[in-house]
Student: 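This is the structure I have questions about; it appears just below.
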2 protein chains.
Amino acid sequence: MQKSLRPSTPNMARPTTKDLARVAGVSRATVDRVLNGREGVKSETVEKVTAAIRELGFVRNLSAANLAKSKSYRFIFVLPRSGDQFLDEILRHIHEAGEVFASDMIWAEVQPIDENDPHQIAAFLATLSPGDVDGVAIMAPETPQLRDAMTRLAERGVCALPFISNQALSGDNLVGIDNRAAGKTAATLMGRFIHAPRGQILVIAESMQSRDSLERRLGFDQVINDSFSHLTTLPSLETYGSADRAERVITAATQRNPDIVGVYVMSSEARIPLEVLEKADLPQQIVSIAHERTPFTENALRNGNIDALITQDPGHLVRSAIRRLRALSDNLTTSTSQEKIRIEVLIATNI
Amino acid sequence: MQKSLRPSTPNMARPTTKDLARVAGVSRATVDRVLNGREGVKSETVEKVTAAIRELGFVRNLSAANLAKSKSYRFIFVLPRSGDQFLDEILRHIHEAGEVFASDMIWAEVQPIDENDPHQIAAFLATLSPGDVDGVAIMAPETPQLRDAMTRLAERGVCALPFISNQALSGDNLVGIDNRAAGKTAATLMGRFIHAPRGQILVIAESMQSRDSLERRLGFDQVINDSFSHLTTLPSLETYGSADRAERVITAATQRNPDIVGVYVMSSEARIPLEVLEKADLPQQIVSIAHERTPFTENALRNGNIDALITQDPGHLVRSAIRRLRALSDNLTTSTSQEKIRIEVLIATNI
DNA sequence: AAAATTTTGATGCACGTGCCTCAAAATCGT
DNA sequence: ACGATTTTGAGGCACGTGCATCAAAATTTT
């Protein structure tokens, strides 16, 4: 009984390509050809080698392989230069991850761009060629120019990944969350948190031009209409990132609608609208839900000024993008379960 | 303008120890002595080398280092053999992670133990010695015997980490969530989801012997009492993992208390109690909150039988434990931000 | 100043894989 | 049976670091 609890094999040396060659009855050169999928090996020989791989449980030693290839990766994050707090977090994590991944021969850089100038983005992407860069993660609104540029980039052999900002074209390899589901999540919490028998919900965005906001709004409205029909959602207010404009449109909306019981801030920059709302001093207690964890929103959550946050982990976003870019440029498949970005729900107790 | 957007340095080779030696004006042997903290180097020489490290931005090539050391890690997960669905998930992820980490020369194994027999656990840990094993992640209730065994293990140079199951002693290096905060999170959602003006909350656990359940209960009660005083919490019901007993105690409780408006299932195995409750056919709609994502709870969430789940990502738990064990056995510091296990909130829309 | 000690240099092998060349062997087509 | 072609073998260098040895140089102690 005690014996059965003893760890099985003490320190078995892991099989190497040499062992493979011996067991398969071929030379190391042939093993190499099979392992790296080179031409000119008879199919039965391939079989012998793969059989040996299975038999020995051979796993390629990545350290040795990387060393031999002396390959290094260079990835570029193309990000808007407008510095809201969420972007700052992303930047911080890129630099942090850069240090960690440095020992794996991975360099991550940031290229700020003007997200509203599709030509500039396209022009930048056009300058990239393999040899310079191994992969690009792009956070920018989807435009025909960008789509074209990304297609040409792929043709030239530089892999690209949409990052956070949703792009319909490249659907399932987006590194980011399903914004429609995020909107639904916000709506469900909103609906269940509001106890008033009826009322209106203020919806605030930076701009409804962006696909992200549109999808969040779509999901939000769907759930409110289907499951919380005693509540109504007001038309989206757009701040365009300006505090002045935010103040104007929000105060106008609050005066026009005395029955506001909830506020949903869709944009990743929640500070401006929420500060305006606080000054507005609404008649009743309202439930407010926002997106993304920033120093401001985190603090507001603790104070009770925000009731819930819908977030995506910036560190995970960055690391996932890097891992997936590396897998792409090595033509590997990623372990998908690890790479799914979760829609996180934060309340005061699980910050 | 276009020019400023061009990526800066094409493919700069990374500095090696040779470069360090050249720049510092010493030999590669001395660089090696400094890098690996060996004795017998004058402090000014150390300074010269560290200055060169800073100047060149040298980062040790981990692939090469690992290869040279030809070090491999062997980690053991000591887990209860009682097979609830959450444990099954953990097991699955250990095996999955095992394949991924295999290329990093890391082997992860599972040692099932009878979690209620502290002597058996202690006896097993006593068989482990460095050379056999590099690290152990232990999921078991805290007992004096276990504490002793872990201390002796550490003295022998095998590092150990409490895993999921909270152990007070080793406080901050637990791989898992803060169960008190998890209980608080459950309570906050419970309180806000319940619209009834008053009512009682059923609390079900597998056993209140375990520290985890105690802490969850503590956090839960604190928030209900402080913030939702119109609700009252009933004494914890213990199922001891038996369906029969669960049925008995739960039906007894529901008959005794007609005003139940919420159910909080604290144990990681929510299936049994929830199935019993469904049969019980309570008078009013109740809000139910449970822990851990399993095939059953996930399905119940989709069906609306569960309103929210408080979870910890099993894949993340496993990978984090492995990374931290490696860091421990290399005497490195882990990048803490990545290793914090989040208390996740799942509702039907963000599964 | 000589001896003892500490500090440094020079050099080489090892780790496991990728990649290369050249020749030998096997197989094919006629 | 011959040449042409495909397939395999043998061998070696490279990657960057860890680790070892032994001698040379610098520094301290006597």
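Chain naming here is simple, since letters A, B, ... match the order of the sequence lines and numbering starts at 1 in each. Side chains are part of it too, since the values below use all heavy atoms of this structure and drop only hydrogens, waters and symmetry mates. Remember, it's a predicted structure, so these values are computed and weren't measured experimentally.
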Student: Under 3.5 Å, which donor-acceptor pairs link side chains of residues 37-49 of chain A to any protein atom two or more places apart or in another chain?
Tutor:
residue : atom : partner : partner atom : Å
R38(A)  : NE   : D32(A)  : OD2          : 3.2
R38(A)  : NH2  : D32(A)  : OD1          : 3.4
R38(A)  : NH2  : D32(A)  : OD2          : 2.9

Student: Looking across every strand, which nucleic acid part, if any, lies under 4.0 Å from N36(B) by heavy atom: base, sugar-phosphate, or nothing?
Tutor: sugar-phosphate
Student: Taking the nucleotide of DNA chain C with the closest heavy atom to each, which residue, D32(A) or L67(B), is nearer the 5' end?
Tutor: L67(B)
Student: By nearest nucleotide on DNA chain C, pick out whichever of N66(A) and A64(B) is the more 5' one.
Tutor: A64(B)
Student: With a 4.5 Å heavy-atom cut-off, do I121(A) and Q145(A) have their side chains touching?
Tutor: no
Student: Spell out, as yes or no, whether a donor-acceptor pair under 3.5 Å connects the side chain of R14(A) to the backbone of A102(B).
Tutor: yes
Student: Are any of T17(A)'s side-chain N or O atoms less than 4.0 Å away from OP1 or OP2 of dT17(C)?
Tutor: yes
Student: Anything under 3.5 Å between a donor and an acceptor, one on a side chain of residues 57-70 of chain A, the other on a protein residue two or more places apart or in another chain? List them.
Tutor:
residue : atom : partner : partner atom : Å
R60(A)  : NH2  : L35(A)  : O            : 3.4
R60(A)  : NH2  : N36(A)  : OD1          : 2.9
N61(A)  : OD1  : S63(A)  : N            : 2.9
N61(A)  : OD1  : A64(A)  : N            : 3.2
N66(A)  : ND2  : L62(A)  : O            : 3.4

Student: Assess whether a salt bridge exists between R342(A) and E344(B), defined as any Lys/Arg side-chain N lying under 4.0 Å from an Asp/Glu carboxylate O.
Tutor: yes
Student: Between atom NZ in K71(A) and atom P in dG18(C), what is the gap in whole Å?
Tutor: 13 Å
Student: Calculate the interatomic distance between R38(A) atom CZ and dC19(C) atom C1'; express it in whole Å.
Tutor: 6 Å
Student: Applying salt bridge (Lys or Arg N to Asp or Glu O under 4.0 Å) as the test, list every pair that has at least one member in residues 20-29 of chain B; sequence neighbours left out.
Tutor: D19(B)-R22(B)
Student: List, with names and distances, any nitrogen or oxygen atoms from the protein found under 3.5 Å away from nitrogen or oxygen atoms belonging to nucleotides 3-10 of chain C.
Tutor:
residue : atom : partner : partner atom : Å
dT8(C)  : OP1  : T45(B)  : OG1          : 2.1
dT8(C)  : OP2  : K42(B)  : N            : 2.9
dG9(C)  : OP2  : S27(B)  : N            : 2.8
dG9(C)  : OP2  : S27(B)  : OG           : 3.1
dG9(C)  : OP2  : T30(B)  : OG1          : 2.7
dG9(C)  : O6   : R33(B)  : NH2          : 3.1

Student: Contact list please: residues 49-62 of chain A against DNA chain C, heavy atoms, distance less than 4.0 Å, in numerical order.
Tutor: F58(A), R60(A), N61(A)
Student: Atom CG of D104(B) and atom P of dT17(C): how far apart are they, to the nearest Å?
Tutor: 14 Å
Student: With sequence neighbours left out, what residues match F86(A) under ring-ring contact (aromatic ring centres under 6.0 Å, His included)?
Tutor: none
Student: Which whole-number value in Å describes the distance from K69(A) NZ to dC20(C) C1'?
Tutor: 16 Å
Student: Are any of the side-chain heavy atoms of F75(B) and W107(B) separated by less than 4.5 Å?
Tutor: no
Student: Does a salt bridge link E142(B) with R147(B), judged by any charged N lying under 4.0 Å from a carboxylate O?
Tutor: yes
